[in-house]
Amino acid sequence: MSRLLRRLLSVPAPSSTTLQRDTVRLRLAEDAEIDVLRVRDPRARRIKLSVDERGARLTLPPRASLAMGEQFLQQHRQWLQEQLQHYQGTHLPAPLVPGEPGQLPLRGELLPLRWEEGRFARLQLDDHGACVQWPARAGRPALQRLLREFYEAQTRADVGHWLPRYLPGLPRAPSRVRLKVMSSQWGSLAPDGSMALDLALVLGRPAAFEYVLVHELCHLIEANHSAAFWREVEQRFPDWRAQRDYFQSEGRRLKAMLRQLV
């Protein structure tokens, strides 16, 4: 791997930002109540309500009052109920249990997963699928760390494979590539040229992942979604519409699978 790719794909230092969390009870109907995770986020700029397979989350910026958050929940109660019902129908693979055969999502497939005893936790791909070497006393947090490290390595390998193909046609390279668990987006490009990619991309089909990479790289040319921007995407990735449709149908499930795993 070249020095440029090593720099772009290097692992960033962890953030020191601290979030404040609690829960608030919300009545959706006469006979239904849910707990909403309420998060005070110093980086947030507006009140935001989101839903995933874990439930509902209300994000408050530093200056928003609790009363404002309660009012926001009431205003979006119907939307929240519809989103929760949608997630109840999302089909996910069975959660991985140490020692029990399972399925590992990767690049649009479910690979057979088996377990072997080992001194250290290790996950490798082979001709039969995937194999975990697992210490007898390791617990769930160790498995989540192992899976995250595995998916990050696989994601960086894919980016390192595709990126050299598109760099020659760009005014500059991204200043850095960061991997994140993103709630709604699949990628973003910051004003400083740093690119963020959702770790769930490596769970889906490779063509869709490559499209997102091309999409974000084209923002180095056009920092918007104008007709000129889409011409740049079309020139580099003519099949982009099919991949966008793929995210419309499978995106929610991919993000839910990642959160279940890591």
Side-chain angles (χ1 to χ4, degrees), residues 9 11-12 14-15 17 19 21 37 39 41 48-57 59 83-84 86-98 100-113 115 121-125 129-132 134 138-162 177-188 195-213 215-216 243-262:
L9 301 177
V11 178
S15 172
T17 303
L19 305 180
R21 295 180 171 89
L37 176 64
V39 179
D41 188 347
K48 178 181 177 182
L49 183 60
S50 59
V51 179
D52 58 32
E53 76 287 351
R54 298 168 297 181
R57 170 177 170 141
T59 302
Q83 293 299 308
L84 289 171
H86 185 89
Y87 261 103
Q88 290 174 357
T90 301
H91 175 68
L92 301 177
L96 297 180
V97 179
E100 297 184 7
Q103 293 178 311
L104 183 72
L106 182 67
R107 299 188 178 99
E109 300 181 6
L110 293 175
L111 304 180
L113 180 69
W115 303 78
R122 188 178 183 183
L123 173 56
Q124 290 183 304
L125 302 178
C131 179
V132 178
W134 192 246
R140 179 67 184 175
L143 178 58
Q144 292 176 324
R145 288 193 300 270
L146 177 65
L147 290 170
R148 178 149 191 160
E149 291 170 358
F150 170 78
Y151 284 126
E152 287 179 347
Q154 295 295 314
T155 301
R156 294 184 188 281
D158 285 351
V159 174
H161 174 70
W162 292 320
V177 178
R178 297 178 295 128
L179 306 179
K180 303 171 61 177
V181 178
M182 307 176 80
S183 60
S184 57
Q185 292 178 301
W186 294 101
S188 64
M195 180 187 298
L197 295 171
D198 187 7
L199 195 57
L201 287 166
V202 79
L203 303 184
R205 66 188 188 194
F209 185 175
E210 187 176 0
Y211 156 63
V212 172
L213 176 64
H215 182 114
E216 300 308 329
Q243 309 314 321
R244 185 182 60 182
D245 292 344
Y246 172 79
F247 285 119
Q248 289 290 332
S249 62
E250 295 293 323
R252 189 186 297 269
R253 189 173 68 90
L254 294 176
K255 289 180 178 292
M257 280 197 295
L258 181 69
R259 291 193 178 94
Q260 177 178 276
L261 290 161
V262 306

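Along the sequence shown, the residues carry numbers beginning at 1. The figures here come from the full heavy-atom set of this structure, side chains too, leaving out hydrogens, waters and symmetry mates.
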Task: Min side-chain heavy-atom separation Tyr211-Phe247 under 4.5 Å - done: yes
Open item on the list: Counting C-beta onward and ignoring hydrogens, is there a side-chain heavy-atom pair between Pro101 and Leu113 closer than 4.5 Å?
Closed with: no
Task: Residue from Arg253, Arg252, Gln248 passing side-chain hydrogen bond (donor to acceptor under 3.5 Å, both in side chains) with Glu250 - done: Arg253
Open item on the list: Nearest 0.5 Å, please: how far is CG in Asp158 from CG in Leu213?
Closed with: 10.0 Å
Task: Glu210 side, atom CD; His215 side, atom NE2 - distance, nearest 0.5 Å - done: 14.5 Å
Open item on the list: A side-chain contact here means heavy atoms from C-beta on lying under 4.5 Å apart; do Cys131 and Gln124 qualify?
Closed with: no
- [ ] Please report the closest heavy-atom contact between Gly102 and Leu96, naming both atoms and the distance.
- [x] CA-CD2, 4.3 Å
Open item on the list: When you compare the side chain of Arg156 with that of Leu179, does any pair of heavy atoms fall below 4.5 Å?
Closed with: yes
Task: Sidechain-backbone polar pair: Trp115 side chain, Glu100 backbone, donor-acceptor under 3.5 Å - done: yes
Task: Side-chain touch Leu111/Leu125, heavy atoms, less than 4.5 angstrom - done: yes
TODO: Could you give me the CA-CA distance, side-chain angles and deciding distance for Arg57 and Leu49, then say whether side-chain contact (heavy atoms from CB on, under 4.5 Å) is met?
DONE: CA-CA 6 Å; Arg57 170 177 170 141; Leu49 183 60; over 6 Å; no
- [ ] List the steps and the verdict of side-chain contact (heavy atoms from CB on, under 4.5 Å) for Arg122 and Val132.
- [x] CA-CA 6 Å; Arg122 188 178 183 183; Val132 178; over 6 Å; no
Task: side-chain contact (heavy atoms from CB on, under 4.5 Å) between Leu110 and Leu104, worked out - done: CA-CA 5 Å; Leu110 293 175; Leu104 183 72; over 6 Å; no
Task: Euclidean distance, Ser184 OG relative to Lys48 NZ, rounded to 0.5 Å - done: 4.5 Å
Task: Verdict with reasoning, Leu123 to Trp134, per side-chain contact (heavy atoms from CB on, under 4.5 Å) - done: CA-CA 9 Å; Leu123 173 56; Trp134 192 246; over 6 Å; no
Pair up each side-chain donor or acceptor in residues 195-209 with any protein partner under 3.5 Å, not counting sequence neighbours, and list the distances.
| unit_1 | atom_1 | unit_2 | atom_2 | d |
| --- | --- | --- | --- | --- |
| Asp198 | OD1 | Met182 | N | 3.2 |
| Asp198 | OD1 | Ala200 | N | 3.3 |
| Asp198 | OD2 | Lys255 | NZ | 2.5 |
| Arg205 | NE | Gln243 | OE1 | 3.0 |
| Arg205 | NH2 | Ala242 | O | 3.4 |
| Arg205 | NH2 | Gln243 | OE1 | 3.1 |

Identify each donor-acceptor pair in which a side-chain atom of residues 141-150 lies under 3.5 Å from a protein atom, sequence neighbours left out, and give them as a table.
| unit_1 | atom_1 | unit_2 | atom_2 | d |
| --- | --- | --- | --- | --- |
| Arg148 | NE | Glu152 | OE2 | 3.2 |

- [ ] Report yes if the side chains of Gln260 and Pro95 come closer than 4.5 Å at any heavy-atom pair, otherwise no.
- [x] yes
